[in-house]
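Have a look at the structure below before the remarks.
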Amino acid sequence: MKVSFLQKWVAKLTVQQKDVLLGLAILLGLAVLYYFQWAIYLTAVPDSKVDIDQPERFFWWANDSRSYQAAGDWIFGRTESNAISYRPWLYPLLIGLARTLFGTGAENVLWITQFLMWLVSGVLIYLAVHHATHSIVLSMLGAGFFYLHPSPLILTFHGMTETLNILLISLFAWVLTTDRFNRLFVAVLLIALATVTKPIYLIYLILLVIFTLRQDTGMPRSKQAGWIALLLLPIWIQLLLSYSVSGRFTVSTIGGYTFKNYLVADVYMYAEGTEWRPTMALIEDWDLRQQLDFLWQHKRGTLVTIRSHLVDANMWTGSFFTLGEGNRMEGFAITINAVTSYLHLIMMPLVIYYLLASRYTENKRIIALLYSCFIIQWLTSGISTGQEDRLMMTAIPLWIVTYLLVFSAMFKQPLPPRPMVAADPLELPRP
């Protein structure tokens, strides 16, 4: 009997490798069934804004998705638009390419592509956890929780950046757990790509570049800086595109808009009792100094608003896209976000202790890089509201891998030996 290439390949695998593939195969099979169970259900829910039979009906339903579409059409010369100045180029390029190559079938292609991105993101979480812990059980739990979460799943049906963003962050987590000698350089490239998908990573990118430059990589500093400058090419492209439209070198103008119309406006509403849209008109002409002065004069209102944004609006909330009367996914999203909010509260002191305690050394740098990215993303989300869990669900790979690595290392680390204490000759023997 002729032996196939696949059979030969499987025969060369070790028992451990076969177990890893078995766990992954089981997980992927169940993830696909789980995904299409929800897809069929949501298609039948009235006004759910999901239709797998005709994806084009609701793919551009959200206002943000139409601005990404406009930026993509601008890249391919089909429209006049300034959307590229606040919608960085990577996701619009994907949209514009699909619309150019597939025409009316673009939405079907984009939906399937985003489904595959979602699937691969779970695979990368699985591999990242296994690389770092060598535990198939923990790997399945981590990837399984990602697949279970309704928010990343439902965004695959819409023209939004979150699915691509999650894929890039999952790649980032996986790369950090590998033994590649150049993994920090690859990490810089991935965060640069994530930044031109969602500018929320810009602060972390700057810190990661500084951290990488300070590492001893065995090459001259000038060569190291040159490589990083090359890896930041996605950022240079966005700066040029933005300048060509707005006359400003900026990754995105959306940050200033969000800061004024969500944070400052919310503090104004808290202080003056106004409504949101009239407030936007009242502060329309305020420059940055006026905005900062107002926040400083209303310190309590600012702190209350930021706390509300961080917890109530971005973490302990539901999904903006679980629509439709009687949609069971809505309650599921709220419940799972409430559970993860408590999980973050429980794990924060444990992660900080792990990073600061000298007795723990395993994967400490990986954990520090992943957790700092998560914390910075969470803190920067405090300027925005009204999107429910959209801003924070892209951080799911970061905290899943972090928490499982800390959990694994803490339970695996042996306790230090107790010091020998000489017996007191005056001590009476115990019964």
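- A donor-acceptor contact closer than 3.5 angstrom is absent between the side chains of Glu388 and Ser151.
- By the 4.5 Å heavy-atom criterion applied to side chains, Ser170 and Ile166 are counted as neighbours.
- Taking the ring centroids of Trp276 and Tyr268, they lie at or beyond the 6.0 Å cut-off.
- Within 6.0 Å of OH in Tyr243 there are 12 or fewer heavy atoms belonging to other residues, nucleotides or ligands.
- The ring of Trp118 has its center closer than 6.0 angstrom to the ring center of Tyr35.
- Other residues, nucleotides and ligands contribute over 12 non-hydrogen atoms within 6.0 Å of the CZ atom of Arg78.
- With values rounded to the nearest 0.5 angstrom, Trp378 atom CH2 is found 8.5 Å from Tyr371 atom OH.
- Residues His158 and Ser65 have side chains not in contact (no heavy-atom distance under 4.5 Å, counting atoms from C-beta outward).
- Between Phe145 and His149, the angle of the ring planes goes over 60°, which puts this pair in the perpendicular group of the 30/60° scheme.
- Smallest separation of non-hydrogen atoms from Lys198 and Thr394: CE-CG2, 4.4 Å.
- At a cut-off of 3.5 Å, with distance as the only test, a side-chain donor of Tyr201 or Asn165 sits close to an acceptor on the other residue.
- A donor-acceptor pair under 3.5 Å is absent between the side-chain atoms of Asn363 and the main chain of Ile366, judged by distance alone.
- The ring of Tyr68 has its center no closer than 6.0 angstrom to the ring center of Trp60.
- Heavy-atom minimum distance, Pro88 versus Val196: CB-O, 3.1 Å.
- In this structure, CG on Leu208 lies 9.5 Å from OG1 on Thr195, to the nearest 0.5 angstrom.
- Going from atom CD1 of Ile283 over to atom CG of Asp285 covers 10.0 Å, rounded to the nearest 0.5 Å.
- A ring-centre distance under 6.0 Å is not found for Tyr147 and Tyr126.
- At least one side-chain heavy atom of Glu362 sits under 4.5 Å from a side-chain heavy atom of Tyr354.
- When atom types are taken as modelled, the side chain of Thr100 and the backbone of Gly96 share a donor-acceptor pair closer than 3.5 angstrom.
- Using the six-membered ring where Trp is involved, Trp399 and Tyr403 have ring planes that are tilted, between 30° and 60° apart.
- By the 6.0 Å contact criterion, CD1 on Ile203 is open, its count of non-hydrogen atoms from other residues, nucleotides or ligands being 12 or less.
- A donor and an acceptor atom, one from each side chain of Thr279 and Thr274, are located under 3.5 Å apart.
- Contact of the Phe102 side chain with the Leu97 side chain is not registered, since no non-hydrogen atoms from C-beta on lie closer than 4.5 Å.
- Residues Ile235 and Val251 are in side-chain contact: their nearest non-hydrogen atoms beyond the backbone lie under 4.5 Å apart.
- The neighbour count for Gln37 CD, taken as heavy atoms of other residues, nucleotides or ligands under 6.0 Å away, is above 12.
- Between His344 and Phe374, the distance separating the two ring centers is shorter than 6.0 angstrom.
- When atom types are taken as modelled, the side chain of Thr43 and the backbone of Ala39 share a donor-acceptor pair closer than 3.5 angstrom.
- Thr161 and Arg87 are not linked by any side-chain donor-acceptor pair at a separation below 3.5 angstrom, with hydrogens and angles left out of the test.
- Crowding of Arg307 atom CZ: a count of heavy atoms from other residues, nucleotides or ligands under 6.0 Å exceeding 12.
- One distance of note links CG of Leu230 with CH2 of Trp236; it measures 11.0 Å at 0.5 Å rounding.
- At distances below 3.5 Å, not a single donor-acceptor pair connects side-chain atoms of Lys260 with backbone N or O atoms of Gln291.
- For the atom pair Ile136 CD1 and Leu21 CG, the distance stands at 9.0 Å (nearest 0.5 Å).
- Note that Arg99 lies outside the cation-pi zone of Phe76, set by a 6.0 Å cut-off to the ring centre and a 45° limit from the axis.
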- prompt: What's the verdict on side-chain contact (heavy atoms from CB on, under 4.5 Å) for Trp111 and Ile52, showing C-alpha distance, side-chain angles and the deciding distance?
  reply: CA-CA 9 Å; Trp111 165 51; Ile52 59 171; 3.7 Å; yes

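- When every heavy atom of Leu231 is checked against every heavy atom of Leu189, the shortest pair comes out as O-CD1, 3.4 Å.
- Centroid-to-centroid, the aromatic rings of Phe58 and Phe157 stay 6.0 Å apart or farther.
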